[in-house]
**Student:** 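Got a structure for you, questions after.
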Amino acid sequence: MKSERALVAHLMRRAGFGATPSELDKLTMEKTYEEIVEDLVTPERFPALDQSFIDRYYGGEQVAVHVGKWLYRMANTQRPLEEKMSLFLHHVFPVAWGKGEHNPSIYNEIDMFRRIGLTDIRTILLELSHDPAMIFWLDNNENHKDEINENYGRELLELFSLGVGNYTEDDIKAASRAFTGWTFRQPLSLYPSGNYPTEFEFLADDHDYGEKIFLGETGTFDGGDIIDIIARQPATARFISRHLYNFFVEDEAQVPSWNTEPPRNAAAIEKMASVFTETGGQMRPVLREMFNSDFFKQAADFKKVKSPTELVVGVVRQTGEFNSPTPGIYQFALTTLDDSEVESTMAVMGQKLLNPPTVEGWHTGREWIDSGTLSERIRFVESQFEDVSKPGVREMVERVGSLHDDPAHLVSRCLDLLGGVRVSRHTYDSLVEYARGLASMKSGESAGVHNLLQMTASTVDYQFE
Amino acid sequence: MKSDRALVAHLMRRAGFGATPSELDKLTMEKTYEEIVDDLVDPDRFEALDTSYIERYYGGEPVAVHVGKWLYRMANTPRPLEEKMSLFLHHIFPVAWGKSEHGHSLYTQIDMFRRVGMTDMRAILLELSRDPAMIFWLDNNENHKDEINENYGRELLELFSMGVGNYTEDDIKAASRAFTGWTFRQPLSLYPNGHYPAEFEFIEDDHDHGEKTFLGHTGNFDGGDIIDIIVRQPATARFISRHLYNFFVEDEVQVPSWNTEPPRNEDAIRELSDVFLESGGQMRPVLRTLFNSDFFKQARDLKKVKSPTELVVGVIRQTGEFSSPTPGIHQFAITTLNGSLVEGPLAIMGQRLMNPPTVEGWHTGHEWIDSGTLSERIGFVESQFEDLSKPGVREMVERAGSLDGDPAQLVDRCLDLLGGITVSENTYDSLVRYASELRGMGGGEEGAPVGVHNLLQMTASTVDYQFE
Amino acid sequence: MATKSADKTLVVVQLTGGNDFMNTIVPYTNGHYYDARNKVVMKQDEVLPISDTLAMNPNAAPFKRLYDEGKMAIIQGIGYPNSNRSHFRGMDIWHTAEPDRVGNEGWLGQAIRELDPNAENVLTGVNIGMGLPRAMAVNGVPVTSVGDLENYGVMTRLEQERLREKALEAFKGIYGQAIGTGPVADYIGQTGLDVLKGADMLADVAERYESDVEYADNQIAKNMRDIARVHFADLGTRIFYTSHGGYDTHANEMPTHPKLMNDVSGAISDFMDDLEEHGKADDVAVFVFTEFGRRMRDNGSGTDHGSGGGAYIFGKNVRGGLYSEYPSLDPSDWEHGEDLQHTIDFRGIYGSLLEQWLDVDAKPIVKGEYEQISPFAN
Amino acid sequence: MSRPHGLLRAGYPYLRTLGMRRVIGYPTDVGWTDDGNALILMRSEGAASVRIWPIEDADLFTDDLKGFGSYGAGDGQMVWPVQLITDGEGHIYISDEATHRITRFDPDGQFVSKFGARGDSDGEFDGPTGISFDPDGNLVVVDSKNHRIQRYTVDGEYLGGFGSHGSEPGQLDLPWGVHVDELGDIYVADWGNNRFQAFSPEGELKIAVGKLGDGEAEFDRPTGVAVDAHGDIYVSDWGNNRVQMFNSEGHYLWSFRGDASLSRVARNYMLTNAMSNRLREMGRIEQEKYLRRPRSVRIDSDFRLFIPDYESYRVQIYQKDVVVLDRTQFAAPLRNPTLEVT
């Protein structure tokens, strides 16, 4: 055993979408914790999924189909942090399908996140500013030389990089002027032949080539120059670090209060920010620093609420139902907004992936949970572990053992099998009690260890990463 | 003056197509002889001609049009040695349009020569062996695993690399086997849409993968291996060096007698061969050595007969008529064999460029000259210098000065203006006499007026002008 | 061996481009001909029959006259093996008599070398036209190529008489004095003087000529007249060469081919008459050839390159008539599914001309022995 | 004089291939007559003429291939002809960049008049290339080697001009083809700068599109330009073997790479030539349909797009398939791109 099972399980939940029991066996046997971190931040070491293989089976235009494909990727990728960073960027730079209803732009954007998520902040912001979905979402296509639209300029500073309090209204104007002429080619309309992708286009004629003053610097800046300046700001380092901390380590307050609320762990943020600044905004070193830090390891005890996506993908990985393309994955993502008659589980849980509610994205942490969403989470977990013919469920049932075994041992094995879940003493006692009850019902035809798995996955503790 | 005018003129004639008076002014003022040589062997220092600019004006399918474009390039390139090396390779690897009548392949072959001419012998022979025009010309497309055709294998050894006497019939067989399967993809036929390019194709199934023994080496050689072995042979170094010597320095006897006739200058060949072998067959060091050598500088006094191409390009550089695309350059190259009703001067002078008579290429040196070709040379020069409206002629007439000046000085200036040529004493005297007689004839009572251009014409018609 | 005016003279006329043999000597009663030719076809009621199966092109009436007088031999189905139907390759083969490899010595050049081994007369072989044909080109064999008889020589562009004289004087000085300054310069100097010598010999040929025959105003007629002028000047020429272009009738054959037939047949019959008038008809034969015949089927407007053509020999001492076989027109006999097969090798005809007319051993020139015909009266 | 409000862009079905080698030699530009003939301007070294060829394509070679003009510098001859246009009376105008003149022929191809003299003063040419009529019936001429545009009456009286040498917007470098639309705007293929530019009648730059490359809206030596009645712009992209299409604002819309089929004459030729058929069976035929070095592009009033396919001896013709919409069928112009579903 080269690494500690519980700690690796924690790492794989946070940096990915959880590990199955056999994956944990292998990882802890073969690699040290630090080696696993290194593998995570270096996804190129592992083969990428073959997109054509996914496209071969999953066809269709609805957003739910695209979300389904993304879920499939998250569940099956050998580069978990790559997908997790895409999800992170989708959280931080939330663009909703609902404004443009232009599917290719949205899934191309996620693809772009996948490509650049582990590069550096300059590349990330530059690609983001080139992204047609973002341009349309924040109206930069209406940002003209002779008619400034500040929407993108404002959000870039407020939500995507510096955070409130680190710039002036004049800086917003300057930034907005610098992004004039950054637009996209008009794509062909949906009818009669379906959506075509669109492309970034720079219209030199519509660009304000004049002098601008931005964050104290003066020049005939264009968008790229603005991003260069932004990337150098300590505020950006702190802001991105806090986002990472919030996403990977511990639920923070919601973003709008960050300029008033101090971080939960200022020392951690400072540490990450200094690595960010030293490396010129490189993501890999910051992530490496974070995952190897004590604060991250200790966060295994923190109750960090899973996002609906994390919950769904974690469960799907454990049931093994979608370890190869299988019909139905898109159903997790259906919403009535996209011509379905019912809302699917993710929508009910409050995360319409690829379709966040506002430019601030989803409110996370405990705000994921209310009575409606929680009952959906439990119902979902229950239903997923019901069918013992799913390969993952069957494997778990086999590994858990018989109901005749010692109930405490049974529960411990269940918790381990579900990804090294840690539960409170109270929860543990309740589960042992339930196991004992199941054993006594042995004459009933339907009772089995899978009921114990269902119950374990339905605990409050399972809602935490 | 950093370099000697007469020497630079000699260098520019041999390594290029001659320099105009103003080019000589500039070169000798700005650079040493060695710097000029360095510029020549390093053509990348100068921007290549914009081929789209040439294509914009010169369109058409007949080979004469392609030759015309080549003449244009030779006359206007800022990289004269690049073109001259292409001409050299066309001389030693002569492929004729006439067998295939596939103009496209010929044209791309010359382009390939231009690209590889100053690289190394291995690259040159490899590209040559993959060239569809060459493959068809020497029947390598009929060289099959189970039915060897030795045409290419034989000429590769005999004419393209080592020369007779340095290999056996068995070596030819082995080389031929190694080139089996080296063929080209059938291009679309001429009708109805014109020629499409042909492309090299290696047919694995038709290649003899068996063991071969070639020049004492044994292995499952393919064509590339054969070329590797060829390039390492001292015989190849000598053969290519002698070719370079023959082309750039001094007329040798015709190639078929090289295995019996010793070279004109054994030391020079040895010096070039050594550089060739030391550098692994690189052309640039060999050429640099050649142009910087004493034997090259002394060759100024050797009478090397201009090929028709060199004569024509030299003249049109001097007349300036084609210093930018101008109609008619293809007319120098037309031949009745390609649909024309008349022969152009190059054909009459005996050099149908891109259409050499045989795989041995043209017989050069004094064999360029017979009564028909000589009268054409003189008639050509005469006609080209006749029209005073051509920019180069006008400039020369202006620079030559008036007939009223001292005839000897006038002749001196004419000789310099035509590219720093040197003439025998007798010729010089004849020209001076002619100049003073021209002066005596004054304005002329009938026909075109007598002028300096008559003297230029006569100077360009001398025996000495036929030499490089 | 000095040449004598009593020796036989051969005039070679090249029809450049590939003359349509089927529309020259027309198989006017053959159904296959009319099946294959839709538009480019000679009408049965317009041709000039010379037998039950063959007729002369109606525009070649002068040929019909010569044929009727027994002065025209028609060699049917002449060709060479493995024709690739290329103009260049075709001409190359005809010029060098080497169908299997690319030759480098012209067959007539080799004959001239035999006729004048010491290269004593620069006019033993004369080409009338621009550029020396490869048939006459052999290294070391001086041959004169006359584009324009009136202006042959150097410095001919100088219109002013006195200026030209001075120029020629200077030229002679320069080229004459070059001799003795080294082998190459010597050679070039000598060659320059040869040009002047040839020009001197030809200088007044044009003026001396008189004839009642009026040649037509076209290029081939002018060239035939120039041949007559030089020949009548008794300069020792044994082989004349000239060519007539425009036979590559891919398109518009019906309007263009008649003029070609008209011009070439008129020029040759005028030349024959001229010979007769000057009492020189006995010792001159005219050999007319083309690089190949044309395709069996027409393409709606013209005909494309084929093989198996025809050649013709004219002369007072020629035994007129048909030689060899007319190629089979049956589609099952077509070469490549589209061409006439040749029925006699051209090298046999060269052999006949060289040996029976010029008295030159043909074997080294045509590289072997081929079936000959006997077209000459003895 | 106003533009239609919109059109249903449905595509560009391929219409026809005209001619073949021997019938058409190096087509460099094309015009048309009222009676259904294409006027194909042919130029290669030592040869130049105009072939009159039915747009329906001839069934067979005819014995009287129609055409006029020949190579040479005499009246009615041409050396390096570049563009051919016809006026309302069927008179034909041809520019010649070697003889520095514009020649006018009557509808039968007989020489009528000529003008032009070499030089760089006003009213002189150095290599006139593109020619086009403006809405007033005057001739707009690209004076290529002087890098400028000039305007003349059809009789050769100089009316004015603009343009200078360089690569800045509005400057020109060896410009080639030209088209003047019905509004009088002048579109020029700016050959050396790898772009096309549009100017107001007064010579004020309106748009400049393109740079060196082979992507969308990139060019390798653009040769010709045409504008249709809808304002769509077509540019022959010589080095990239294609024609690119742009809307009136200069936005890239489409590329034409060629879809040639065998013309009727070519089909007939093939039927009589067994050997060429065998060779075709062994060659890669797909490449045959693509354009090779187009030197011009033209569109007629029936929206037939003619591309002289210079190195393949033919003219490829597409048909624009559109329905023009009225005001009620077409939304107000968008200022910005949108991702919204329509």
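Naming convention: chains lettered A, B, ... in sequence-line order (proteins, then strands); numbering from 1 in each chain. Reckoned from all heavy atoms, side chains included, excluding hydrogens, waters and symmetry mates.
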**Student:** CZ of D/Arg278: more than 12 outside heavy atoms within 6.0 angstrom?
**Tutor:** no

**Student:** With respect to chain D, which residue among B/His195, B/Gln331, B/Arg185 yields the maximal number of heavy-atom pairs within a distance under 4.5 Å?
**Tutor:** B/Arg185

**Student:** Measure across D/Tyr71 and B/Pro327 and return the closest heavy-atom pair with its distance rounded to 0.1 Å.
**Tutor:** OH-CB, 3.9 Å

**Student:** To the nearest 0.5 Å, tell me how far B/Leu190 CG sits from D/Met20 CE.
**Tutor:** 8.5 Å

**Student:** What residue, out of D/Lys145, D/Arg293, D/Arg280, has the most heavy-atom pairs lying under 4.5 Å from chain B?
**Tutor:** D/Lys145

**Student:** Please tell me whether B/Arg56 and D/Ser144 have a donor and an acceptor in their side chains that are separated by less than 3.5 angstrom.
**Tutor:** yes

**Student:** Side chain from CB out, backbone as N, CA, C, O: work out which of these in D/Trp176 comes under 4.5 Å of a heavy atom of chain B, or both, or neither.
**Tutor:** both

**Student:** Could you tell me the separation between the NE2 atom of B/His330 and the CD atom of D/Glu45, rounded to the nearest 0.5 Å?
**Tutor:** 5.5 Å

**Student:** Which of the residues B/Ile329, B/Asn193, B/Ile334 is involved in the greatest number of heavy-atom pairs with chain D at under 4.5 angstrom?
**Tutor:** B/Asn193

**Student:** Residues two or more places apart in sequence or in another chain: which of them pass ring pair (Phe, Tyr, Trp, His ring centres under 6.0 Å) with D/Tyr26?
**Tutor:** D/Tyr310, D/Tyr313

**Student:** So what's closer than 4.5 Å to chain B heavy atoms on D/Arg295: side chain, backbone, both or neither?
**Tutor:** side chain

**Student:** For the residue pair B/Pro192 and D/Val265, establish whether any side-chain heavy-atom pair is separated by less than 4.5 Å.
**Tutor:** no

**Student:** Identify, with sequence neighbours excluded, every residue that meets side chain to side chain donor-acceptor pair (under 3.5 Å) alongside D/Asp220.
**Tutor:** none

**Student:** Quick one, D/Gln287 and B/Pro187 - any side-chain contact, counting heavy atoms below 4.5 Å?
**Tutor:** no

**Student:** Can you measure from CZ (D/Arg284) to CG (B/Leu188) and round to the nearest 0.5 angstrom?
**Tutor:** 8.5 Å

**Student:** Please determine if B/Glu61 and D/Arg21 form a salt bridge, counting it only when a charged side-chain N lies under 4.0 Å from a carboxylate O.
**Tutor:** yes

**Student:** How many angstroms lie between atom CG of D/Asn194 and atom OG of B/Ser52, to the nearest 0.5 angstrom?
**Tutor:** 8.0 Å

**Student:** With a 4.5 angstrom heavy-atom cut-off, is it the side chain or the backbone of B/Thr326 that approaches chain D, or both, or neither?
**Tutor:** backbone

**Student:** Quick one: OH on B/Tyr196 to CZ on D/Arg292, what's the gap to the nearest 0.5 Å?
**Tutor:** 4.0 Å

**Student:** Taking all non-hydrogen atoms of both residues, which atom of B/Tyr58 and which atom of D/Trp80 are closest, and how far apart?
**Tutor:** CE2-CZ2, 3.5 Å

**Student:** Could you label the plane-to-plane angle of the D/Tyr269 and B/Tyr191 rings as parallel, tilted or perpendicular, counting under 30° as parallel and over 60° as perpendicular?
**Tutor:** tilted

**Student:** Heavy-atom distance under 4.5 Å to chain D: side chain of B/Pro325, backbone, both or neither?
**Tutor:** both

**Student:** Select all residues of residues 63-76 of chain B having any heavy atom within less than 4.5 Å of some heavy atom of chain D, and report them by number, or 'none'.
**Tutor:** B/Val65

**Student:** Using a cut-off of under 4.5 Å for heavy-atom pairs, which of D/Leu174, D/Thr223, D/Leu262 has the most such pairs with chain B?
**Tutor:** D/Leu174

**Student:** Under the side chain to side chain contact (heavy atoms under 4.5 Å, CB included) test, which residues partner B/Thr183, sequence neighbours left out?
**Tutor:** B/Asn141, B/Ile203

**Student:** What part of D/Thr129 lies closer than 4.5 angstrom to a heavy atom of chain B: side chain, backbone, both or neither?
**Tutor:** side chain

